[in-house]
Amino acid sequence: MTLRIAITPGEPAGIGPDLLIKLAQKAWSEQLVAVADAALLTQRAAELGLSIKVLPFDPEAVATPAPAGAIYCLQVDLGAPVVAGQLDENNGRYVLDTLRIASEKNMDNTFAAVVTGPVHKGIINRAGIAFSGHTEYFALQSNTSHVVMMLATEGLRVALVTTHIPLEYVSRAITTERLSKVARILHQDLQQKFGIAEPRILVCGLNPHAGEDGHLGREEIDTIRPALEALNREGMHFIGPLPADTLFQAKYLENADAVLAMYHDQGLPVLKYKGFGNSVNITLGLPFIRTSVDHGTALDLAGTGNVDVGSFDLAIREAIKLATEKAQNT
Ligand SMILES: NC(=O)C1=CN([C@@H]2O[C@H](COP(=O)(O)OP(=O)(O)OC[C@H]3O[C@@H](n4cnc5c(N)ncnc54)[C@H](O)[C@@H]3O)[C@@H](O)[C@H]2O)C=CC1
Ligand SMILES: NCC(=O)COP(=O)(O)O
């Protein structure tokens with residue numbers, strides 16, 4: 001059976017459309033459907049000197065992969081004409097519409113997964129719409145109280161306890177409840193989605209040197225250690241809290257399936273240093289499969305053709321893999 005995969009190219013002035021057009025130059029085994037404005041795709045393809053045939057998506061038709069050089073499109077109208085590299089708040093609503101439609105059509109099973117291109121969080125907020133990221137948006141859309149952001153590259157998976165919040169709120173956000181829920185989702189998805197029978201998960205402390213016995217902060221003693229001990233009493237295998245500055249070395253990572261970091265810039269710079277352009281962002285705990293790129297909108301490169309498709313390619317392949325396994329198990 002051919003799977004249908006929704007693709008949201010993200011910010012129209014960014015590199016998302018370019019990457020999708022480049023990736024559509026080859027044939028895919030599944031039906032990729034851009035949830036986007038068709039005119040944007042043809043315009044950007046012309047700017048890149050590439051040809052793209054945009055085929056209207058018909059949910060009633062038998063799912064068929066597009067040939068090389070073509071892509072199916074579920075039409076969403078832009079709010080304003082697009083100039084590559086130039087943000088326009090009049091397209092903030094358009095970006096959100098593509099995400100809303102993609103999530104609705106994943107929840108009603110029209111699609112087997114969604115792969116998202118990069119959005120610009122700032123311009124969506126400037127358009128008057130509060131938005132902190134796809135992860136939080138899809139959680140809200142699907143009425144899911146807790147989801148987990150995990151990025152993966154060859155040899156390293158990093159999941160986050162907190163995502164897109166200002167650093168000054170991080171400590172208060174790390175409660176026993178949140179940490180336990182995030183840890184359980186991570187543990188469960190490593191088992192169910194990644195086939196790891198008994199996941200070993202390294203957990204970062206929050207403070208320098210994991211608090212140095214309370215002399216450099218008490219979150220490890222008051223919250224993190226008790227939460228991990230309770231989970232381990234149930235038979236899970238969380239190791240920590242460990243000092244984040246020394247945790248990321250081969251002798252620890254070789255025996256671990258994932259690292260759980262307390263906040264965005266504690267874990268992701270390490271992951272991206274190891275595998276930028278070759279990593280995938282996967283949202284765990286959602287009722288549907290969602291993968292994404294490891295990079296942002298790269299406005300400086302939009303329309304130039306000088307872009308690395310590696311992460312978008314990987315995100316699509318990972319979504320297909322997860323969706324195939326899900327279809328086989330249901
Ligand atoms: N999945 C998503 O929606 C993400 C969105 N963002 C958003 O992107 C915007 C810009 O963020 P930045 O921190 O500037 O990160 P960025 O990833 O857009 O750019 C950082 C640097 O990497 C380069 N770069 C990024 N992707 C590339 C690619 N595929 N090929 C070649 N070079 C590439 C850029 O040219 C730039 O020099 C922000 O609004 C941020 O919120 C950032 C990360 C993920
Ligand atoms: N650094 C990851 C990022 O900003 C992407 O987040 P999301 O939009 O996938 O929630």
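Remember, it's 1-based here, ligands and their atoms both numbered in the order they're listed.
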**Q** I need the nearest protein heavy-atom contact for atom 2 (C) of ligand 1: residue, atom name and distance, please.
**A** P118 CA, 3.6 Å

**Q** What protein heavy atom is closest to atom 1 (N) of ligand 1, reported as residue, atom name and distance in Å?
**A** S292 OG, 3.6 Å

**Q** Enumerate the atoms of ligand 1 whose separation from the nearest heavy atom of V307 is less than 4.0 angstrom.
**A** 30 (N)

**Q** Angle between ring planes, F131 versus H134, binned at 30° and 60°: parallel, tilted or perpendicular?
**A** perpendicular

**Q** Counting only heavy atoms closer than 4.0 Å, does ligand 2 sit against the backbone of N281, its side chain, both, or neither?
**A** side chain

**Q** Are any of the N or O atoms of S292 closer than 3.5 Å to those of ligand 2?
**A** no

**Q** Would you say the side chains of N207 and E219 form a donor-acceptor pair under 3.5 Å?
**A** yes

**Q** Quick one: does H295 get a heavy atom under 4.0 Å from ligand 2?
**A** no

**Q** At a 4.0 Å threshold, what atoms of ligand 1 neighbour a non-hydrogen atom of D308?
**A** 28 (C), 29 (N), 30 (N), 31 (C)

**Q** Looking only at protein heavy atoms, which one is nearest to atom 9 (C) of ligand 1, and what is the separation?
**A** T297 OG1, 3.3 Å

**Q** Any salt bridge linking K22 with D18? Criterion: basic side-chain nitrogen under 4.0 Å from a carboxylate oxygen.
**A** no

**Q** Please say whether more than 12 non-hydrogen atoms of neighbouring residues, nucleotides or ligands are located less than 6.0 Å from CD in E154.
**A** no

**Q** Indicate if V35 and I21 have the same hydrophobic cluster label, given that clusters are the connected sets of ILVMFWY residues with side-chain heavy-atom separations under 4.5 angstrom.
**A** no

**Q** Grab the two heavy atoms, one from N91 and one from G79, that are nearest each other, plus how far apart they are.
**A** OD1-N, 2.7 Å

**Q** Answer yes if a protein heavy atom lies under 4.0 Å from atom 21 (C) of ligand 1, otherwise answer no.
**A** no

**Q** Give the residue, atom name and distance (to 0.1 Å) of the protein heavy atom nearest atom 40 (C) of ligand 1.
**A** K121 NZ, 3.9 Å

**Q** Can you classify the ring geometry of F238 versus H187 as parallel (below 30°), tilted (30 to 60°) or perpendicular (above 60°)?
**A** tilted

**Q** Kindly indicate whether a cation-pi arrangement holds for R4 with F57, taking the cut-offs as under 6.0 Å to the six-membered ring centre and within 45° of the axis.
**A** no

**Q** Looking only at heavy atoms of G10, does any of them come nearer than 4.0 Å to an atom of ligand 1?
**A** no

**Q** Output yes when a side-chain donor or acceptor of H164 lies under 3.5 Å from a complementary backbone atom of S132, and no otherwise.
**A** yes

**Q** Can you tell me which residue and heavy atom of the protein come closest to atom 7 (C) of ligand 1, and the distance to 0.1 Å?
**A** V119 O, 3.3 Å

**Q** Is it true that F111 and F288 have ring centroids separated by less than 6.0 Å?
**A** no

**Q** So is there a nitrogen or oxygen of L301 less than 3.5 Å from a nitrogen or oxygen in ligand 1?
**A** no

**Q** Counting only heavy atoms closer than 4.0 Å, does ligand 2 sit against the backbone of L268, its side chain, both, or neither?
**A** side chain

**Q** Taking NZ, NE, NH1 and NH2 as the nitrogens, is one of them in E234 or R184 under 4.0 Å from a carboxylate oxygen of the other?
**A** yes

**Q** Within ligand 2, which atoms have a heavy atom of G133 less than 4.0 Å away?
**A** 8 (O), 10 (O)

**Q** Tell me which part of H134 gets within contact of ligand 1: side chain, backbone, both or neither, using heavy atoms under 4.0 Å.
**A** side chain

**Q** Atom 38 (C) of ligand 1: which protein heavy atom is closest, and how many Å away?
**A** H120 CD2, 4.1 Å

**Q** Tell me, which protein residue and heavy-atom name are nearest atom 24 (N) of ligand 1, and how many Å apart are they?
**A** A298 CB, 3.9 Å

**Q** Below 4.0 angstrom, N of the basic side chain to O of the carboxylate: do K26 and D313 qualify?
**A** yes

**Q** Answer yes or no: does an N/O atom from G122 fall short of 3.5 Å to an N/O atom of ligand 1?
**A** no

**Q** Please report the shortest heavy-atom distance between N90 and A80, naming the atom on each side.
**A** CB-CB, 3.8 Å

**Q** Output yes when a side-chain donor or acceptor of T291 lies under 3.5 Å from a complementary backbone atom of I316, and no otherwise.
**A** no

**Q** Among all the protein's non-hydrogen atoms, which is closest to atom 4 (C) of ligand 1, and how far away is it?
**A** H295 O, 3.5 Å

**Q** Answer yes or no: does an N/O atom from D294 fall short of 3.5 Å to an N/O atom of ligand 1?
**A** no

**Q** Looking at atom 10 (O) of ligand 2, what's its closest protein heavy atom, distance included?
**A** T135 OG1, 2.5 Å

**Q** Which heavy atom of the protein is the closest neighbour of atom 2 (C) of ligand 2, given with residue, atom name and distance?
**A** H264 NE2, 3.7 Å

**Q** Please check if a non-hydrogen protein atom sits closer than 4.0 Å to atom 13 (O) of ligand 1.
**A** no

**Q** Considering G117, S132, G296 one by one, which has a heavy atom nearer to atom 42 (C) of ligand 1 than any of the others?
**A** G296

**Q** With atoms numbered from 1 as shown, which atoms in ligand 2 lie under 4.0 angstrom from a non-hydrogen atom of K121?
**A** 3 (C), 4 (O)

**Q** What atoms in ligand 2 come closer than 4.0 Å to a heavy atom of H134?
**A** 7 (P), 8 (O), 9 (O), 10 (O)

**Q** With side chains defined as the heavy atoms from C-beta onward, is the minimum distance between R178 and K181 less than 4.5 Å?
**A** no

**Q** With a cut-off of 4.0 Å, which atoms of ligand 1 are near a heavy atom of I15?
**A** 26 (N), 27 (C), 28 (C), 29 (N)

**Q** Decide whether an N or O pair under 3.5 Å exists between D300 and ligand 1.
**A** yes

**Q** Could you give the distance from OG1 (T283) to CD1 (I185), rounded to the nearest 0.5 Å?
**A** 11.0 Å

**Q** Considering only the protein, which heavy-atom contact is closest to atom 3 (C) of ligand 2, and what is its distance?
**A** H164 NE2, 3.4 Å

**Q** Using a 6.0 Å cut-off, check whether atom CD of E198 has over 12 heavy atoms from anything other than its own residue.
**A** no

